[in-house]
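The structure appears below as structure tokens.
Side chains are part of it too, since the values below use all heavy atoms of this structure and drop only hydrogens, waters and symmetry mates. Proteins come first, then strands; the chains are lettered A, B, ... in the order of their sequence lines, and each starts at number 1.
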Number of protein chains: 2
Amino acid sequence: MGKNSYINPISLSEVSISDPFWKNYMELIRKNVIPYQWEALNDRIEGAAPSYCIHNFSVASGKTEGTFGGCVFQDSDLYKWLEAASYSLMWHPDKDLEEKIDSVVNLMEDTQQDDGYLDTYYIINGLENRFTNLRDNHELYCLGHMLEAAVAYYQATGKEKLLTIASRYADCVANIFGSEPEKLHGYPGHEVAELALIKLYHVTGKEAYLKLAEYFINERGQEPNYFSLEEAAHGREKGWGYTHGYSYYQADKPVREQTEAMGHAVRAVYLYSGMADVARETNDPSLITACETLWNDIVNRKMYITGAIGSSQHGEAFTFAYDLPNDTIYGETCAAIGLVFFARRMFELTHDSKYIDVMERAIYNGIISGMSLDGTSFFYVNPLEVDPVACKRDFHKSHVKPQRQKWFGCACCPPNVARLLSSIASYAYETDEDTLYINLFMGCDIHTTLNGHMASLSISTHYPWEETVSIRVTDSSSSRYTIAIRMPGWCKEKTFSVNGCRYRINTDNTISTADAQSLVPALECHLEKGYLYLTKEWNTEDTLVLSLGMPVERIQANPNVREDIGKCAIMRGPLVYCLEEKDNGPNLHRIYLSSQPDFHVTYQPDLLGGVCTIETTGSFLTFPEWEESHLYQTYQTPSLNEKKLTFIPYYAWANRGLGEMLVWVRV
Amino acid sequence: MGKNSYINPISLSEVSISDPFWKNYMELIRKNVIPYQWEALNDRIEGAAPSYCIHNFSVASGKTEGTFGGCVFQDSDLYKWLEAASYSLMWHPDKDLEEKIDSVVNLMEDTQQDDGYLDTYYIINGLENRFTNLRDNHELYCLGHMLEAAVAYYQATGKEKLLTIASRYADCVANIFGSEPEKLHGYPGHEVAELALIKLYHVTGKEAYLKLAEYFINERGQEPNYFSLEEAAHGREKGWGYTHGYSYYQADKPVREQTEAMGHAVRAVYLYSGMADVARETNDPSLITACETLWNDIVNRKMYITGAIGSSQHGEAFTFAYDLPNDTIYGETCAAIGLVFFARRMFELTHDSKYIDVMERAIYNGIISGMSLDGTSFFYVNPLEVDPVACKRDFHKSHVKPQRQKWFGCACCPPNVARLLSSIASYAYETDEDTLYINLFMGCDIHTTLNGHMASLSISTHYPWEETVSIRVTDSSSSRYTIAIRMPGWCKEKTFSVNGCRYRINTDNTISTADAQSLVPALECHLEKGYLYLTKEWNTEDTLVLSLGMPVERIQANPNVREDIGKCAIMRGPLVYCLEEKDNGPNLHRIYLSSQPDFHVTYQPDLLGGVCTIETTGSFLTFPEWEESHLYQTYQTPSLNEKKLTFIPYYAWANRGLGEMLVWVRV
């Protein structure tokens with residue numbers, strides 16, 4: 001792979017987001033979520049269970065007396081907050097926030113052991129037990145989040161202290177784990193260190209970090225199984241692995257032999273992301289193949305239409321092909337975020353837009369559904385069908401909350417949403433030597449370097465509500481570079497114009513001009529793996545206008561999906577839609593969509609922060625002669641009473657009180 | 001209520017079943033199940049976990065050294081076996097079996113304490129703790145099953161020893177529990193003693209047993225809650241009651257205030273049966289109303305079409321109205337049996353056939369489905385929809401077994417099936433002073449006393465496969481009595497003839513003669529609460545022929561049942577039918593029934609022990625242009641390919657290897 005093809009996310013300091021849809025989310029994170037989480041980390045939220053996070057560092061550093069509090073992986077809450085806060089500093093410098101971070105970094109420095117070790121659980125409870133329970137106790141998980149935070153803070157501020165702390169812990173781990181006989185031959189019980197070590201490798205250039213990530217991945221699932229050895233060595237009970245055969249940890253076989261996405265969904269996609277990273281760095285074809293196989297297993301057999309993954313609450317895990325129950329789903333927000341990490345890396349590896357299609361699906365649906373529109377409450381579980389009575393009275397749906405919750409004992413999802421949304425621009429735009437990849441469509445100003453020259457562009461759009469995306473070149477000096485625009489997989493009617501010359505992208509992936517006379521001079525354009533590549537010497541005021549046809553689409557699931565037989569879902573552009581009781585009354589299961597529906601799309605500026613609703617006429621199933629008290633009776637053809645239906649975007653559900661919700665509607 | 005209306009089950013010694021359908025089940029129980037269970041109780045089944053049941057008695061009586069083994073309610077396994085064996089003795093005397101029982105009775109006598117107490121768990125583990133954990137530890141549950149066994153053995157043999165042992169234990173309990181201040185104000189955590197005490201009252205005439213049953217029922221759920229007091233007094237953890245608010249035990253409020261069937265389904269219907277018993281004995285209108293309210297809640301809102309009850313594996317419990325998932329159902333065999341107990345008692349209380357309709361539904365579907373056709377394996381859980389892959393790979397369906405199991409650690413269902421089937425004739429026929437009630441239709445010879453005279457009848461039928469039931473009077477001396485025949489609720493075309501004179505039962509419940517000239521002399525006949533009452537002086541060779549029209553019926557569930565929307569079930573007569581993969585291939589969820597189906601019924605003597613199959617032409621949903629690897633695509637109208645469908649009776653499913661099964665089919 002040549003240097004030119006080495007794509008990386010754009011730096012957040014090179015993009016200024018102006019898009020109302022995304023700017024709103026970013027500001028919610030910056031103004032509400034990050035400050036709220038800071039208070040939570042410091043146990044200053046009244047009525048909430050304490051986090052103990054900062055407390056633990058204070059105790060571990062010897063500053064205060066006390067015991068360890070919270071989950072064994074409590075440190076990671078601080079690191080995810082640090083990462084989110086660092087991203088926000090890149091697009092909104094904030095002295096006060098930076099000071100808070102520096103104070104925490106000092107506390108971490110005081111807590112770090114001489115050999116670099118830094119995990120408050122073991123520092124407080126006894127270092128002699130460190131690294132004796134990789135399976136359950138998340139030390140390497142915390143390491144991973146620390147590295148991600150450190151890289152982010154370094155990139156945001158240039159300050160090296162946190163990066164040094166993180167590197168020292170990574171060095172400590174690299175001294176303990178590895179293939180050498182005297183080292184431990186283990187790997188993380190909960191993955192994330194793999195992808196984080198690659199981030200650290202990128203900023204430090206130290207090969208040891210790449211090697212350690214590679215070791216963790218190659219050693220995983222080898223026989224004899226490390227978790228079994230560790231269990232025996234320390235006389236411990238069998239964990240989840242006992243019933244799940246280690247597939248819960250993706251450690252039942254070596255990663256290159258894993259052909260099915262299995263086990264805890266967050267762990268799985270974090271691992272696969274690390275695998276994709278290492279595959280790219282080492283150009284290892286067997287690892288690339290493994291990533292592609294696992295990717296295909298997820299998106300072709302185990303992913304909800306919203307990008308949610310993890311069909312079962314039991315182990316928060318993948319189950320089996322086409323098992324996609326809508327009402328008992330797990331679909332953890334964090335898992336969809338992990339899928340986005342995996343998608344981004346697969347795109348970087350292959351330059352194929354199909355990965356970004358999945359990223360877009362997850363972000364616009366199963367991820368932002370995880371946070372309320374006011375940024376104050378969160379879903380762990382993102383169901384596609386909800387009956388609030390069932391959530392309350394059916395134990396097997398009790399993990400499905402019909403309303404977002406304020407905060408959680410195990411607070412993984414809110415800070416994960418925060419770090420994704422505060423760095424959303426880096427998912428939208430990536431660059432290599434001479435190309436700007438536009439993956440998601442959002443209004444912004446970009447100032448980056450392409451082919452050694454500054455390139456400035458201004459993008460404006462009302463996506464996902466409107467079809468048009470305008471890209472205007474705003475730099476003063478002309479320079480030659482490529483703009484690569486993702487052609488969304490969902491879109492069938494794609495046209496664009498360059499300086500007013502109109503082009504159409506045909507279904508056979510050829511490009512034709514609307515008007516043969518008026519070609520743009522010296523424009524090279526071609527389509528490849530779902531990208532429209534436009535190369536020219538771009539001049540100030542060059543304008544590119546993209547139009548992505550967004551009719552309402554009815555979507556059908558593979559007939560092997562038992563839960564969705566005879567049903568369809570409504571999408572428009574990247575958005576999945578749903579019915580809510582608020583608009584459509586109760587008993588959504590009795591609603592039928594017509595076979596030839598007319599859809600009316602209306603932008604409603606005052607509804608749910610501004611959304612397009614979709615209205616149509618469907619029907620409501622009734623039995624005119626049914627004796628209400630009877631449970632069973634002789635079949636009679638039901639009456640289908642005409643009923644006006646209103647769909648809202650799925651991500652915006654559960655923002656108007658308690659009620660039923662349904663994505664897959666009967667046809 | 002006059003004496004004439006006091007209905008009781010016929011004595012098993014008065015009926016000789018000749019019916020091939022039922023005789024086969026009875027013989028399986030007698031020849032296979034009872035001997036197998038005897039071996040199991042004695043820990044002589046190779047490869048099976050030991051029962052410890054006889055062992056515990058041996059240890060408790062001081063005969064052998066050892067510790068208690070098995071569940072806290074292990075004694076009840078012996079008692080259920082004793083009860084089933086006793087019933088079989090009534091229709092098939094067996095010296096060898098009687099000797100085995102007598103040996104066990106002697107062992108029980110040796111185990112019984114001076115004050116009558118008899119529970120091996122506490123005798124072995126410390127009597128000082130007896131009756132300190134009514135909530136969890138099942139002493140009164142074991143008492144109940146002991147009483148039922150003792151009554152049955154006494155009725156079978158006239159031997160009094162077991163009855164005396166049981167009465168002594170009942171006396172012991174009556175001395176300890178009751179309203180008097182010095183007594184304990186508790187009641188069973190798992191109900192059954194209530195109905196059993198009434199049985200003991202019936203054979204002994206001792207009012208104390210009625211009073212104790214009444215006390216248990218009236219005290220239940222009063223405040224302060226006894227289980228809470230007991231918990232506090234003995235410093236115990238909160239049990240299931242903590243999350244279920246004592247409704248798990250039907251002890252969250254006094255029984256007369258309970259309007260919803262809640263909690264553990266077996267406990268619930270055992271309690272309701274006891275309530276109906278006490279209501280009849282005390283003629284208490286508030287208790288009768290409570291029984292009717294709870295009955296209606298079950299059959300109108302919480303009962304599967306097969307008579308199965310208990311929608312959730314969590315607590316093996318009822319959930320909420322119309323929550324009837326077909327694939328995650330619990331539907332324990334024992335719970336359907338308990339529903340039969342409740343139904344019988346409600347019939348005895350009201351003389352209304354609607355209760356027997358439910359009894360028949362449960363027996364012919366959700367109960368006999370619990371045993372394989374060869375009597376060697378059993379279901380606890382009786383699902384209405386099974387995908388074997390899901391049972392294996394979805395934890396939340398792991399309680400649903402796609403194949404019957406040999407034996408269970410907690411062996412409640414097999415002996416419960418055994419005691420029901422070995423006494424099936426007593427469910428079919430009941431009598432009062434002058435009336436023989438024919439509730440279920442099965443071939444047999446009856447010799448009983450009506451109006452002080454011997455009445456002998458011979459019934460022959462090929463029910464449930466054929467529509468005709470013939471009843472021939474075989475006694476030599478004429479006497480006046482009433483034959484009351486249940487008119488099944490499922491049947492719309494009912495005719496009968498007496499000595500060749502034909503009558504029709506009209507939909508308005510009037511009776512008309514087919515031929516006005518030929519009325520049977522001095523026959524009084526009328527319909528009341530679903531019974532055809534025929535009174536005359538019956539003479540030898542009088543012949544009554546009943547014809548119950550049995551077209552194939554499509555049945556629909558109440559539209560509030562989310563799981564069954566757009567689906568129908570197939571019934572013929574009392575039998576629910578199902579599709580099996582064996583006959584119809586995989587992916588049963590893609591099968592659609594036509595809107596105007598033709599059904600072909602064929603009796604197949606060599607299939608599944610002889611069943612009527614139902615064949616029709618339906619369709620199989622396919623998407624001709626579907627790319628198999630895609631999970632989602634734009635909606636296209638699916639193709640419905642014509643497909644021959646074969647339905648078999650639900651009870652006979654899972655007798656031909658592993659595969660999918662489906663009751664509710666899409667229309």
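- The part of His396(A) that comes within reach of chain B is its side chain, from C-beta onward, which places non-hydrogen atoms under 4.5 angstrom from that chain.
- For Asn296(A), no part lies under 4.5 angstrom from a heavy atom of chain B.
- Rounded to the nearest 0.5 angstrom, Thr634(B) OG1 and Met571(A) CE are separated by 9.5 Å.
- By the 4.5 Å heavy-atom criterion applied to side chains, Asp387(B) and Phe320(A) are counted as neighbours.
- Under the 4.5 Å side-chain criterion, counting only non-hydrogen atoms from C-beta, Thr319(B) is not in contact with Arg393(A).
- Of the listed residues (Lys392(A), Lys302(A), Glu553(A)), the one with the most heavy-atom contacts under 4.5 Å to chain B is Glu553(A).
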Derivation of the side-chain contact (heavy atoms from CB on, under 4.5 Å) call for Arg590(B) and Asn560(A): CA-CA 8 Å; Arg590(B) 289 166 70 170; Asn560(A) 292 324; 3.4 Å; yes
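- When heavy atoms are compared at a cutoff of 4.5 Å, Tyr632(A) approaches chain B by way of both its backbone and its side chain.
- Contact count against chain A (heavy-atom pairs under 4.5 Å) is highest for Val389(B) among Asp323(B), Val389(B), Asp564(B).
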Full working for side-chain contact (heavy atoms from CB on, under 4.5 Å) between Arg562(B) and Asn587(A): CA-CA 8 Å; Arg562(B) 289 172 194 258; Asn587(A) 293 309; 4.1 Å; yes
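- The shortest distance between side-chain heavy atoms of Tyr635(B) and Ile555(A) does not fall below 4.5 Å.
- Interface remark: Lys492(A) contributes side-chain atoms only to the contact with chain B (heavy atom separation under 4.5 Å).
- Side chain of His589(A) to backbone of Val561(B): no donor-acceptor contact under 3.5 angstrom is found.
- In this structure, Thr622(B) and Pro559(A) have side chains that are not in contact, with every pair of non-hydrogen atoms separated by 4.5 Å or more.
- Contacts between Ala390(A) and chain B at a heavy-atom distance below 4.5 Å involve backbone atoms as well as side-chain atoms.
- Counting heavy-atom neighbours within 6.0 Å of Glu493(A) CD, excluding the residue itself, gives a total of 12 or less.
- With a 4.5 angstrom heavy-atom cutoff, Gln633(A) touches chain B via backbone and side-chain atoms both.
- For the set Val299(A), Asn300(A), Thr328(A), the entry with the most heavy-atom pairs within less than 4.5 Å of chain B is Asn300(A).
- The side-chain heavy atoms of Phe395(B) and Gln313(A), taken from C-beta on, include no pair separated by under 4.5 Å.
- Taking all atoms of both residues into account, the shortest heavy-atom contact from Leu631(A) to Arg301(B) is CD2-N, 3.8 Å.
- Applying the ring-ring contact (aromatic ring centres under 6.0 Å, His included) rule to Phe620(B) yields no partners; only residues at least two apart in sequence or on another chain are considered.
- The closest side-chain heavy-atom distance from Gln556(B) to Pro638(A) is below 4.5 Å.
- Contacts of residues 658-667 of chain B with chain A at a heavy-atom distance below 4.5 Å involve Glu660(B), Trp664(B), Arg666(B), Val667(B), listed in sequence order.
- The nearest pair of heavy atoms linking Tyr592(A) to Gly566(B) is OH-CA, 3.5 Å.
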